[in-house]
Amino acid sequence: MKLKRLKLTMPVLYIFVAAIILLALPYITGVNSYWLRIFVIIGINTVMALTLRLILLTGLMNLAHPTFMAIGAYFSIFAMTRFQLPFLVGLIGGGLVAGICALILSYPFLRVKGVYFFLITLTFLEMFRIAISNYWRDWFNGADGIYGLMAPTIGGFQFTSLAPFYYLCLVVLLITFAICWRIEKSWSGSVLLSIRDADMLSRCVGINIMSWKAYVFVIGCSLAGVAGGILAFLVGGVNPNNFGFPYAVDIQVFVIVGGMGTIWGPILGALLFGGLGDFLRGLGGYALLVNGSVLVLIILFLPAGLIDFPSRIRQLIRRPAVDAREK
Amino acid sequence: MDAAFYLQMTITAVVLSLLYILMASGFNLVFGIIGIVNFAHGTFYMLGATFVYWFMKSYGWSYFFAGIASVALAYGIGWLCERYLMRGVRGDILGSIIITLGLLMIFQSAAQIIWGEWDKAVPSPVTGVINIGGAFLPWETVLPMVGALVVMMLLYWFLMYTKLGLSLRAVTNNREAAALMGININFSYSLGFAIGCTLAAAAGVLIAPLWSISSTMGSTPLWKTFIVVILGGMGSLPGAVVAGILLGVVDSFVTTLFSSAAAHIFGFGIIITILVFRPRGLMGQI
């Protein structure tokens, strides 16, 4: 009896401790510190990684994820500087606009699957970046980007330090996590997995695979748009090159290196690699070399991602002579 | 807007078409045999050009000798990459994509560290112009055209008239059946990957005297390769030829008449249009 009660309370205890740490983090690191900034960027990266994995549940690897982030970021900037809308309206509007763009683009994009989808989103990403850095200069200001944004306000509350950004990012992250968790753990998660594993069979049992794919694609892309809005105001501006191929690769790395088997994999990946860019910049030309080597080694030795590390260690201890890769 | 202007555009179109065909056929060969998307393909193009620069500058070799050595070196590197890295993630599409992305980062930063960030140039081994009815065609653009045609003919001969080529085609067609017929699958995979990398490096070697060489020169051809491959159909060599010519012509004319950004956007527009009507590309199997 006593044991049972203890078992019930353990997860509650973990969640309680995690909540306290998450809520108190700005005051542990200091409200304007370099570390808090990195944590906000990690939060934004986690939102991107989680939504990317949501789309990946149907077997679609969306490389154009940063593009939808860019759409949200630019819309929230235009909403504030050109249409004089409140910050929150711009942020949510950015998500909606990104979602609408995703809905329109889902018709040509979702006609293909697998590697084709991968490549077409890749060309879309590059096309979008080149288009906004060369055309409509009076809106997008070319490759120089838009900088010098004012600190946003929500209902008269001014964002003077990094702490409000942190809490805003935390709210968006929790909403994203809740959406991804609900979709994956309910029956719709099984539908998505059935589309990934046997799309023709799912179609035969009456699942409308196009609308299901469009559903997760639109949800994922609109949340990416909201993340873009936060990033734009955190940095104080955006540049088309922020949303290029390197960032798209980074998000894939969070998901695949973290491990895409569970929802915790992308979170772990974003936590470990999300803030890495700032540290690696100190290495100069060697940063890319180190990054690439780490990637290759992790994929070769931990094919199911870093989240698999404890069970691999356990396996090695239990049966040291058997290599798990040699089946 | 006179005849010379249009001739110049046509020459650029031919050079670009041949470059895209070389790159895309290497990419399609790798995709057809191993079934992976090789992101390091543009890096092998860069390595081919950089090795030529290195051999010519440091050892004083002639262009032809340096070119052959560079292609051989790229073949070796491709073989080692397949043998020791790609083999560990065989059958895992996302894992192999991450591996090739890692290779892209490693090779690109290594080239930047070893040979520097600045733009390098290689002197053309041939000079002078040919006079065709009043318009002038420089020899240095004829050289890559002839070279690309020779490489394509060699590839065609290899795939169609040799036993090794036959085994590669068999593996592309049906892996299990090929293995049952006694074809060494591991060897075929390594060979296919190495030949794909060699084709990219050959494109780099041929382009080296024309364009400037730097560690990031591989990215634009990589995008163009993706467009060609989607347009022509994944894994289809005839598709690569048709789509390569199409994109080369479009690129050359749109770049000259508008800008290179417009060429990118135009290429994407073509892809979307093709995908709406033929989701598997022009020559892909439906």
Side-chain angles (χ1 to χ4, degrees), chain A residues 56 59 61 63 105 107-120 122-135 143 244-246 248-250 252-253 255-257 260 283-305 325, chain B residues 31 35-37 39 81 84-85 87-89 92-110 112-113 116-117 215 219-220 222-227 229-230 233-235 259-269 271-277 279-281 284:
Chain A
L56 192 62
M61 184 49 113
L63 265 182
L105 287 171
Y107 178 69
F109 282 8
L110 297 180
R111 289 172 65 84
V112 293
K113 62 177 185 184
V115 176
Y116 276 89
F117 184 80
F118 193 82
L119 289 182
I120 191 163
L122 188 58
T123 49
F124 175 63
L125 170 97
E126 194 63 5
M127 194 271 319
F128 185 83
R129 189 185 65 78
I130 288 171
I132 61 172
S133 27
N134 286 287
Y135 294 97
F245 180 61
V249 172
D250 281 350
Q252 318 294 316
V253 167
V255 176
I256 297 174
V257 171
M260 47 192 178
L283 290 172
Y286 290 86
L288 213 57
L289 192 67
V290 173
N291 211 340
S293 318
V294 168
L295 266 189
V296 169
L297 290 178
I298 287 181
I299 286 299
L300 280 182
F301 294 106
L302 286 170
R325 273 182 303 144
Chain B
F31 183 80
I36 61 164
V37 175
F39 274 95
C81 286
Y84 292 103
L85 300 175
R87 196 163 288 185
V89 289
D92 174 9
I93 291 182
L94 292 175
S96 61
I97 284 171
I98 293 289
I99 291 266
T100 55
L101 281 173
L103 285 179
L104 187 157
M105 294 178 186
I106 292 171
F107 286 143
Q108 192 171 312
S109 58
Q112 195 182 329
I113 291 164
E117 224 171 314
S215 62
S219 64
T220 312
L222 186 67
W223 303 126
K224 300 293 183 185
T225 306
F226 288 157
I227 294 180
V229 161
I230 298 174
M234 294 287 287
S259 68
S260 66
H264 266 273
I265 295 165
F266 211 80
F268 181 75
I271 290 189
I272 291 289
T273 322
I274 294 285
L275 278 186
V276 169
F277 295 108
R280 290 273 161 154

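Given the structure is predicted, the values throughout are model-derived calculations rather than measurements.
Using a 4.5 Å cut-off between heavy atoms, B:Phe266 does not touch chain A at all. For A:Val296, the parts sitting under 4.5 Å from any heavy atom of chain B are the backbone and the side chain alike. Contact of A:Leu119 with chain B is made through backbone and side chain together, with heavy-atom distances under 4.5 Å. No part of B:Ser96 comes within reach of chain A, as not one of its non-hydrogen atoms sits under 4.5 angstrom from that chain. For B:Ile97, the part sitting under 4.5 Å from any heavy atom of chain A is the side chain, from C-beta outward, and nothing else. Proximity to chain A is limited to the side chain of B:Phe31, based on heavy atoms less than 4.5 angstrom apart.
In this structure, CD on B:Gln112 lies 10.5 Å from OH on A:Tyr286, to the nearest 0.5 angstrom. Considering CD1 of A:Ile120 and CD1 of B:Ile272, their distance stands at 4.0 Å, rounded to 0.5 Å. For the atom pair CD of A:Glu126 and CZ of B:Phe226, the computed distance is 10.5 Å after rounding to the nearest 0.5 Å. Rounding to the nearest 0.5 angstrom, the gap separating the CG atom in B:Leu85 from the CG atom in A:Leu300 is 5.5 Å. Rounding to the nearest 0.5 Å places CZ of B:Phe107 at 10.5 Å from CG of A:Leu289. Rounding to the nearest 0.5 angstrom, the gap separating the CD1 atom in B:Ile99 from the CD1 atom in A:Ile299 is 6.5 Å.
Scanning all heavy atoms of the two residues, the minimum distance from B:Ser109 to A:Leu288 falls at CB-CB, 3.7 Å. For A:Ala131 against B:Ile265, the heavy-atom pair with the smallest separation is CB-CD1, 3.7 Å. The two residues A:Leu295 and B:Met105 make their nearest non-hydrogen contact at CD1-CE, 3.9 Å. Between A:Asn134 and B:Ala261, the closest heavy-atom pair is ND2-CB, 3.4 Å.
With hydrogens and angles disregarded, a donor-acceptor distance shorter than 3.5 Å links the side chain of A:Tyr116 to the backbone of B:Met234.
Ring geometry for B:Trp223 versus A:Phe245: interplanar angle over 60°, hence perpendicular rather than tilted (30 to 60°).
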**OP:** In sequence, state the C-alpha distance, the side-chain angles, and the governing distance for A:Phe118 and B:Phe39, and then conclude on ring-ring contact (aromatic ring centres under 6.0 Å, His included).
**Re:** CA-CA 12 Å; A:Phe118 193 82; B:Phe39 274 95; 5.6 Å; yes
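For B:Ile93, the CD1 atom is loosely surrounded, since the number of other residues' heavy atoms within 6.0 Å does not exceed 12.
The residue among A:Tyr107, A:Phe109, A:Tyr135 with the most heavy atom pairs within less than 4.5 Å of chain B is A:Tyr135.
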